[in-house]
Amino acid sequence: MKLLYIGIINNGQQPAVELCAERELSSYSRFTRSNISEFMTMFSKTVAERTKQGQRQDIEEQDFTFHVYARTQNIAAVIISDKEYPSLAAHQILSKALDEFLAQNPNADSSRNPVTFPPLRTYITTYQDPQQVDSIMKIQKELDETKIVLHKTIESVLERGEKIDDLVTKSEGLSAQSKMFYTSAKKQNSCCVIC
C-alpha cells in the first residue's frame, strides 16, 4: 500500500490550479520522476475539475486509484495511491487535509498562485501506513487478530478429541440430555470419517 501524491486544487476555475502538493516518488527512477510528477498534476487537476462540489469519488486507472473530495468552497483534494490503499483511509486523509487547509487559507478559492501548506509532507509520510489514519481500521485489525487467535484456540481444542469427551462426561454443567446429544452427534459424525 502506497500513497504517491496528495494535492489541494482550486477547481472553481478553468483550468484548475494546483495550490499545493506533495509526492512520494522514491520507488521511481530519478530520471522519470519529473515526468511522473507532471502527469500526476495534470490528471489530478482534470479529476478535480470534473468532480462536482460536495462529491467524493474514486477513479481507478491502471495500477492507481485517484481519491477525490471536492468541497463546496471550490477547493478539492486529490490522493493518488496504489489500488491496495483503502479508500476509507484515503477519504479520511482528504477530509482532514481540506479542513486544516481551509482553516489556514480561508480565501484559497480565489487564489491562482501556489500556497504553502507544510502538513501535506507530514500526511504523505505518516499515512503511508493506512492504519495510522483510521481508528476503525485499527479496531478491525485487532478484531481480525483476535478472531485468528480464537480460531486457532478452537482448532487446538478440537484436536484433543479424547479430552473433550472426558470433559463432557465429567461435566456437571451439562444436563443428561446434552450429554446424550453430544454422544449421539459424535456417533453420527463418526460414520463419515475417512481414515
Side-chain angles (χ1 to χ4, degrees), residues 1-28 30 32-142:
M1 288 184 265
K2 189 163 184 64
L3 291 178
L4 301 167
Y5 170 96
I6 181 169
I8 308 286
I9 297 168
N10 180 336
N11 66 342
Q13 310 172 36
Q14 298 287 331
V17 176
E18 182 184 71
L19 298 174
C20 55
E22 286 292 336
R23 294 156 181 83
E24 171 45 57
L25 303 176
S26 62
S27 60
Y28 294 97
R30 201 173 69 210
T32 61
R33 288 181 191 162
S34 65
N35 293 334
I36 292 169
S37 178
E38 288 175 11
F39 277 107
M40 287 181 168
T41 297
M42 182 194 72
F43 287 125
S44 294
K45 287 169 34 177
T46 302
V47 167
E49 285 174 1
R50 296 176 187 187
T51 302
K52 296 177 186 173
Q53 290 186 11
Q55 184 181 23
R56 294 177 185 268
Q57 62 180 348
D58 290 344
I59 301 141
E60 290 188 356
E61 177 60 33
Q62 295 179 5
D63 296 333
F64 307 104
T65 302
F66 290 75
H67 309 274
V68 188
Y69 179 27
R71 293 290 271 278
T72 55
Q73 297 94 332
N74 293 322
I75 300 293
V78 178
I79 286 178
I80 302 174
S81 69
D82 60 10
K83 286 187 176 181
E84 288 79 36
Y85 201 88
S87 181
L88 179 62
H91 282 281
Q92 285 185 329
I93 296 167
L94 293 173
S95 293
K96 185 176 179 179
L98 281 171
D99 288 344
E100 196 171 334
F101 178 81
L102 289 169
Q104 291 180 20
N105 304 286
N107 298 321
D109 62 333
S110 61
S111 180
R112 294 203 57 78
N113 298 318
V115 176
T116 303
F117 187 59
L120 283 186
R121 171 58 33 204
T122 304
Y123 289 159
I124 202 160
T125 55
T126 303
Y127 299 139
Q128 288 298 326
D129 178 5
Q131 292 177 23
Q132 296 298 320
V133 180
D134 189 6
S135 58
I136 294 171
M137 289 183 69
K138 287 179 189 177
I139 292 168
Q140 183 62 47
K141 183 180 179 203
E142 289 172 11

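Of the possible polar contacts, one joining the Thr125 side chain to the Thr122 backbone as a donor-acceptor pair under 3.5 Å is found. Checked by atom type and distance alone, the side chain of Asn10 never pairs as donor or acceptor with a backbone atom of Val17 at under 3.5 Å.
The heavy-atom pair separating Phe66 from Glu61 by the smallest distance is CE1-CB, 4.1 Å. The two residues Val115 and Cys20 have their closest heavy-atom pair at O-CB, 3.2 Å. Heavy-atom minimum distance, Met40 versus Leu25: CE-CD2, 3.6 Å. Of all non-hydrogen atoms in Ser81 and His67, the two that sit nearest each other are OG-NE2, 2.8 Å.
Within the model, atoms CE of Met42 and CD of Glu38 stand 10.0 Å from one another, a figure rounded to the nearest 0.5 Å. Within the model, atoms CD1 of Ile6 and CZ of Phe117 stand 8.5 Å from one another, a figure rounded to the nearest 0.5 Å. Interatomic distance, Thr41 OG1 to Ile36 CD1, rounded to the nearest 0.5 Å: 12.0 Å. Between Phe101 atom CZ and Leu94 atom CG the span is 13.5 Å, to the nearest 0.5 Å. To the nearest 0.5 angstrom, Gln92 atom CD is 9.5 Å from Tyr127 atom OH. Distance CG/Leu3 to OG1/Thr65: 11.0 Å, rounded to 0.5 Å.
For the pair Lys96 and Pro119, the minimum side-chain heavy-atom distance is 4.5 Å or more. By the 4.5 Å heavy-atom criterion applied to side chains, Asp63 and Asp82 are not counted as neighbours.
Note on residues 42-51: pairs passing side-chain hydrogen bond (donor to acceptor under 3.5 Å, both in side chains), not counting sequence neighbours, are Thr51-Gln57. Listed by first and then second residue, the salt bridge (charged side-chain N to carboxylate O under 4.0 Å, His left out) pairs involving residues 13-24 are Lys2-Glu24, Glu18-Arg23, Glu22-Arg121 (not counting sequence neighbours).
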Using distance only, find each side-chain donor-acceptor pair of residues 69-80 under 3.5 Å and give its atom names and separation, not counting sequence neighbours.
residue, atom, partner, partner atom, Å
Arg71, NH1, Asp99, OD1, 3.0
Arg71, NH2, Asp99, OD1, 2.8
Asn74, OD1, Gln53, NE2, 2.3

